[in-house]
2 protein chains.
Amino acid sequence: MPVTIYDIAREARVSIATVSRVLNNSSAVSEKTRLRVKKVMEQLNYTPNVIASALTKKSTLTLGLLIPDIANPFFAELARGVEDASSDFGFNIIMCNTDYSSDKEATYISLLKQKSIDGFIISSAYYNDQNVIELLKANVPLVLLGRDIDDSEGLPVDVVVSNNVKGGYIAAKYLIDLGHENIACLLGPPRIKVNLEREKGYLKAMEEAGLKVCPEAVGYGDFKIDFGFKKTLEILKGPCKSTAIFAANDLTAIGAMRAIKFLGLQVPNDISVVGYDNTMLAEMVDPPLTTVNQQMRKMGYIATELLIKRIKGERGVGEKIVLDTELVIRKSASKCKNVDIL
Amino acid sequence: MPVTIYDIAREARVSIATVSRVLNNSSAVSEKTRLRVKKVMEQLNYTPNVIASALTKKSTLTLGLLIPDIANPFFAELARGVEDASSDFGFNIIMCNTDYSSDKEATYISLLKQKSIDGFIISSAYYNDQNVIELLKANVPLVLLGRDIDDSEGLPVDVVVSNNVKGGYIAAKYLIDLGHENIACLLGPPRIKVNLEREKGYLKAMEEAGLKVCPEAVGYGDFKIDFGFKKTLEILKGPCKSTAIFAANDLTAIGAMRAIKFLGLQVPNDISVVGYDNTMLAEMVDPPLTTVNQQMRKMGYIATELLIKRIKGERGVGEKIVLDTELVIRKSASKCKNVDIL
DNA sequence: TTATAAATTGTAACCGCTTACAATTGTCTT
DNA sequence: AAGACAATTGTAAGCGGTTACAATTTATAA
């Protein structure tokens, strides 16, 4: 029913090969016939069938985006950046929510491969993600977004992340400069590499300041509000006398703030809190959350751009781009009042 | 390079037609050969090429999702429901952000048509969306999600929305029952039908209670924080003496709360606020926002299910599903203190 | 046992486009 | 004006499946 290349060929009195040539603006077409063909395409309101061309060209102008959960504002921001770039370059995005499950991830990957997508943007990679390793081995174009893997078995990967070590460092440093000495640290799952890095930054700041970290005040969890809430209760009731909490994402920080309030204490007067990500939630909560900013949308955009350029053959593989992080100071952290030593 | 139907045929010593038959589990294959073919498919780790089959079957098992902005938690929730359903039924979702632009919407639509997607889920439809009308005329499978259109020129459409009139009504009624008489109303763009409906509910409640609405206290805007902030300042400085504000979405409500605080007043002691949507933001803000709950994820899920069943030919077109709305009472609204009359 | 219907399988055209290669046309030299 | 070469266009074989129709095999009935 729809207009095909044959219809155009017939009307323009040329072969379908020629029509195909003007479609792909190949040089080997005289200006005269090119114009004639284009005119017919206009008249008949022709749009080429991407599926048909994909069958031979292999390219579908479609990318797969794997994220844990689009309902999480962090990933929604990443996704927006990804979609913006795709749209700018004429690509489309198939969105997949893996729910932090390696199995779901694998299922999506095989499904998308069947659909001949041109590449993957993966933001759900674990510390050592077998799915990713396999894709790399199969030489499937892919970029890791926001999350690095630890071992790519020597295979080149493109990675776009932000400076997590710095992020952890400046968060802790800020609290230290405010006079805090007992600073708790709530991290996400250790199998996600960013947590190790943020912890590293935190530890570095502590060490530089000659402060010891209380073991019970550092814990891994799952990046959710509830974990922040429970772990904070635990810490504040424990032996560590923490006066400040650094949480490795905003949701956990929000959970921590709730726990503090739940105990009848105040943020930041009694306990200071610093979060991570700077999602829109940070400015919504009370008090507004001081947090480490990640340029999420930009990360998504750059990663996608990188991938598309690689697909087009405009560049090689194996780049690692680290975007800067910085502290956004709001109201959830203040000077330490219980400085024992002074 | 990848395994094709020919490889399977050769190994299983059958024709490609037979392989295709077991692929589509057509009945006309003997159990014996079916098993043999399946075994070979396993051994060779074969996955059929969706693109190739799409060329003849026309179906790509892919749906297009048009939303204004995935970074908006409301749409993120819808999208999550959509993706969940797609995944459950073996479909994938191409996500498009239209940024409230009819042109962008049209561009995406034509792009997705070229990619032979099986149907559209449209959540960006305006009061009278020409893009949608055209799709309907072309008989493209489509479902409207969260937003109805006003005139489909008699063409049947599937629509999944929530009960906006009721939502507006219960929000206003709640405030009225708390003793408020001067209730402002901040609405989104009038070209989005839900706003007219929510307003209708609000007006109905006011009328039932014998209250008059102050014209300056009702205004259309753009569903964003900033609008809520500015309009609220305007209203509170104006002649209407509003003691409560009903905002047609959570973001606007949050803007309103900020304006109230900005003026040195308290929520809810001085001014009560009720929002709409019950996004995750509602429980984050201070005070937690009393708001009308929409079952966003469920809406997305149901809409997608409807669309897929239609595509599969399991049902006709022209259904309108209205999900219930209810008030979620938190802390942003309280009894009216300035009741003049008493 | 044989004719006939039913079940199974194979052949080949087609989906709409790309592209290697061949054929044709045009341009430039001498 | 003929030959050599470049530019343009056409032919036809895929890409990996689906499916109408024909061919073959098997089951059933007389």
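Sequence lines set the chain letters: A, B, ... in the order given, protein chains first and strands last, and positions in each chain run from 1.
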Between [atom2] of [N] and [atom1] of [X], the distance in whole Å:
X       : N      : atom1 : atom2 : value
A/Leu35 : D/dT8  : CG    : P     : 14 Å
A/Arg10 : C/dC17 : CZ    : P     : 13 Å
A/Leu61 : C/dT18 : CG    : C1'   : 15 Å
A/Lys32 : D/dA7  : NZ    : P     : 17 Å
A/Met41 : C/dC17 : CE    : P     : 11 Å

* Assess the side chains of B/Asn92 and A/Tyr108: does a donor N or O sit below 3.5 Å from an acceptor N or O? =>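 There is no such pair (donor and acceptor under 3.5 Å, judged by atom type) between the side chains of B/Asn92 and A/Tyr108.
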* To do: Would you tell me whether B/Lys113 and A/Thr47 have side-chain atoms, one donor and one acceptor, within less than 3.5 Å of each other?
  => no
* Asked: Are any of the side-chain nitrogens in A/Lys320 or A/Asp148 under 4.0 Å away from the carboxylate oxygens of its partner?
  -> yes
* **Carboxylate-amine/guanidinium contact A/Lys38 A/Glu42, below 4.0 Å** => no
* Quick one: is D/dT9 close enough that its OP1 or OP2 comes under 4.0 Å of any side-chain N or O from A/Thr33? ->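 It does, given that an N or O in the side chain of A/Thr33 lies less than 4.0 Å from OP1 or OP2 of D/dT9.
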* By nearest nucleotide on DNA chain C, pick out whichever of B/Glu31 and A/Val50 is the more 5' one. => B/Glu31
Can I get a per-line list of side-chain donor-acceptor pairs under 3.5 Å for residues 49-56 of chain B, giving both atom names and the distance, sequence neighbours left out?
unit_1  : atom_1 : unit_2  : atom_2 : d
B/Asn49 : OD1    : B/Ile51 : N      : 2.7
B/Asn49 : OD1    : B/Ala52 : N      : 3.1
B/Ser53 : OG     : B/Val50 : O      : 3.4
B/Thr56 : OG1    : B/Ser53 : O      : 3.3

Contacts under 3.5 Å, N or O only, protein and nucleotides 14-20 of chain D:
unit_1 : atom_1 : unit_2  : atom_2 : d
D/dC15 : O3'    : A/Lys58 : NZ     : 3.3
D/dG16 : N2     : B/Ala52 : O      : 3.2
D/dG17 : OP1    : B/Tyr46 : OH     : 3.0
D/dG17 : OP1    : B/Asn49 : N      : 3.3
D/dG17 : OP2    : B/Ile5  : N      : 2.8
D/dG17 : O5'    : B/Tyr46 : OH     : 3.2
D/dT18 : OP1    : B/Asn24 : OD1    : 3.3
D/dT18 : OP1    : B/Asn24 : ND2    : 3.2
D/dT18 : OP2    : B/Ser20 : OG     : 2.4
D/dT18 : OP2    : B/Asn24 : ND2    : 3.2
D/dT18 : O4'    : B/Thr56 : OG1    : 3.1

Which side-chain N or O atoms in residues 94-103 of chain A pair as donor and acceptor under 3.5 Å with protein atoms at least two apart or in another chain?
unit_1   : atom_1 : unit_2   : atom_2 : d
A/Thr98  : OG1    : A/Ile67  : O      : 3.4
A/Asp99  : OD1    : B/Arg80  : NH2    : 2.3
A/Asp99  : OD2    : A/Lys104 : NZ     : 3.3
A/Asp99  : OD2    : B/Arg80  : NH2    : 3.0
A/Ser101 : OG     : A/Asp103 : N      : 3.2
A/Ser101 : OG     : A/Lys104 : N      : 2.9

